[in-house]
Amino acid sequence: MAFTYLYIPIGVPTFHLESAQKEFDKSVELLKSIDKGVVVPSEMLLSIDKLNAFIKGRKPDLVIVQNITFANGAYIAEVLRRIDSPVLLWTLREPVIDGTRLRLNSLTGAYSAANVLHEFGRPFEYIFGSPEEENVKKKIASTVVAAKVKKALKSLTIAQVGHTPQGFGFGRALDMEVMTTFGSTLTSIEARELINKAKLYSDDDIKEYLEDAKKRINGLDEIKEKNVLDFARLYRAYDEFVKDNNIGALSSRCWPDFFTAFGTPVCSVLGILNDLGVASACEADTYGALSMYISRFLTDKSAFFGDPVSMNEKENTVTFWHCGMAACSLARTDTGACAGLHCNRKIGPTLEFGCKAEPEVTIFRIGKKPDGTFRFIIAGGEALNKPQQFYGTSIVIKTENSASDFVNKSVKAGWEPHFAVAMGDIKEELEALANMLGIEVEKY
């Protein structure tokens, strides 16, 4: 079903209705410019009867409740009683302060509404300001997008391919916790099933996959032919599994199985899947894959996945790295995505490159606390124009705040060693999403 959200301008008719009408008209214009999925009433809802008539039978994905004038707590109580969706509470700025009449008294209404929301135990977003203010537009837009992510998560199927290696249990997910917290479906398959499927393909069966890979990756001809053919076999096996099962995010076991049982790494396959729109993480890190999915949804670009491996206090940078499975589209234009050998196992093809510059990035991870509850880590920064830092794939982030604080505090806070780097500033959207999901946020 299409995404829809309601604009609910509540109030009473005893305030200055000419001022209220102007704010109503400007608000409708703003909301329609942000997203055409908005449903607006034909008039201000200045009685509970009019409010109930407007919301009756509707099941929106978000409601924006605006005190067009003061309204008591009974109004928001009716909304909460009838609609179970995220809420953005919007207070209008008083249009005139001239020592005479209070025109709207929107702010007092907001306190009444917030008090009821608090009593209901419902988290909500909040913004203060007039429709023409840029911060208001930005806040509404980010909340709408966050609500879209929340809706998309309900139809997402995540696949776990194999188990996490020993000592990497932080990435392991359970189907019920994924469903109850995020609304997503988690499915699992053993790595050997895809390996066995790949082994059945003839050289003719994989021609189109090999041709596609050569368009994405430079230097495949320099890798041992058997490994390149086996990589293409894996590519087809994963691609068909993803399509047949409507997979939107995937975490895959990689070592040691793909080296020992198959003889060829899966790294490059995961990199290509990321560019095909399937958020894919290695080392079977399911919450890493889910972090990448959310990052991609909010930016429409593949996210980088990796470990923090180096810090430069003078440059205020943190380098994120992994063995060689980043999306090819992230590679620097002067090198492109290159084929290479795994840094430890000396078997290819892996992906080898440094990532291109990006003016705004967001470091993000869905993590878990010792009590099993979830938390988000969010930090802003810039991806610098740096060459490949180590064998594998790397990205150098100049953090928005202190890089030293990011490393020291996140280590002491016990964060998992894998992070997504989103190609864009999505901090506000992630905070709104966390609030909608009832998840704690740690900002760095």
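In what follows, every heavy atom counts, from backbone to side chain, and hydrogens, waters and symmetry copies are set aside. Not measured: the values here are computed from a predicted model.
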Do the side chains of [Y] and [X] get nearer than 4.5 Å, heavy atoms only?
| X | Y | result |
| --- | --- | --- |
| His418 | Phe305 | yes |
| Ser404 | Met311 | yes |
| Lys243 | Leu276 | no |
| Leu88 | Tyr5 | no |
| Leu46 | Val12 | no |
| Asn52 | Glu78 | yes |
| Ile377 | Ile363 | no |
| Glu190 | Ile195 | no |

Below 30° counts as parallel, above 60° as perpendicular, anything between as tilted: where do the rings of [X] and [Y] land?
| X | Y | value |
| --- | --- | --- |
| Tyr287 | Phe182 | tilted |
| Phe231 | Tyr235 | parallel |
| Phe70 | Phe15 | tilted |

[Y] and [X] side chains, donor-acceptor separation under 3.5 Å:
| X | Y | result |
| --- | --- | --- |
| Arg103 | Ser106 | no |
| Asp49 | Ser47 | no |
| Asp275 | Ser329 | yes |
| Asn115 | Glu119 | no |
| Ser27 | Gln66 | yes |

Check: Is the distance between the ring centroids of Trp415 and Phe406 less than 6.0 Å?
Finding: no
Checklist line | Interatomic spacing from OG1 in Thr143 to CD1 in Ile64 - rounded to 0.5 Å | finding: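 One finds 7.0 Å between OG1 of Thr143 and CD1 of Ile64.
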Checklist line | Spatial distance of atom NZ (Lys150) from atom CG (Asn435) [nearest 0.5 Å] | finding: 11.0 Å
Note to self: Could you tell me if Arg122 sits above the aromatic ring of Phe124, with its cationic atom closer than 6.0 Å to the ring centre and no more than 45 degrees from the axis?
What the structure shows: no
Is the number of heavy atoms from other residues, nucleotides or ligands within 6.0 Å of [atom1] ([X]) greater than 12?
| X | atom1 | answer |
| --- | --- | --- |
| His163 | NE2 | no |
| Lys138 | NZ | no |
| Lys398 | NZ | no |
| Lys197 | NZ | yes |
| Arg192 | CZ | no |
| Lys137 | NZ | no |
| Asp334 | CG | yes |
| Tyr126 | OH | yes |

Are any side-chain N or O atoms of [X] and backbone N or O atoms of [Y], one a donor and one an acceptor, separated by less than 3.5 Å?
| X | Y | answer |
| --- | --- | --- |
| Thr399 | Asn401 | yes |
| Thr181 | Val178 | no |
| Thr286 | Ser251 | no |
| Ser85 | Ile83 | no |
| Thr187 | Ala159 | no |

Next item on the list: Please report the C-alpha distance between Ser252 and Tyr238 in whole Å, then the side-chain angles of each, then the deciding distance to 0.1 Å, and finally whether the side chain to side chain donor-acceptor pair (under 3.5 Å) criterion is met.
Entry: CA-CA 10 Å; Ser252 179; Tyr238 272 74; 2.8 Å; yes
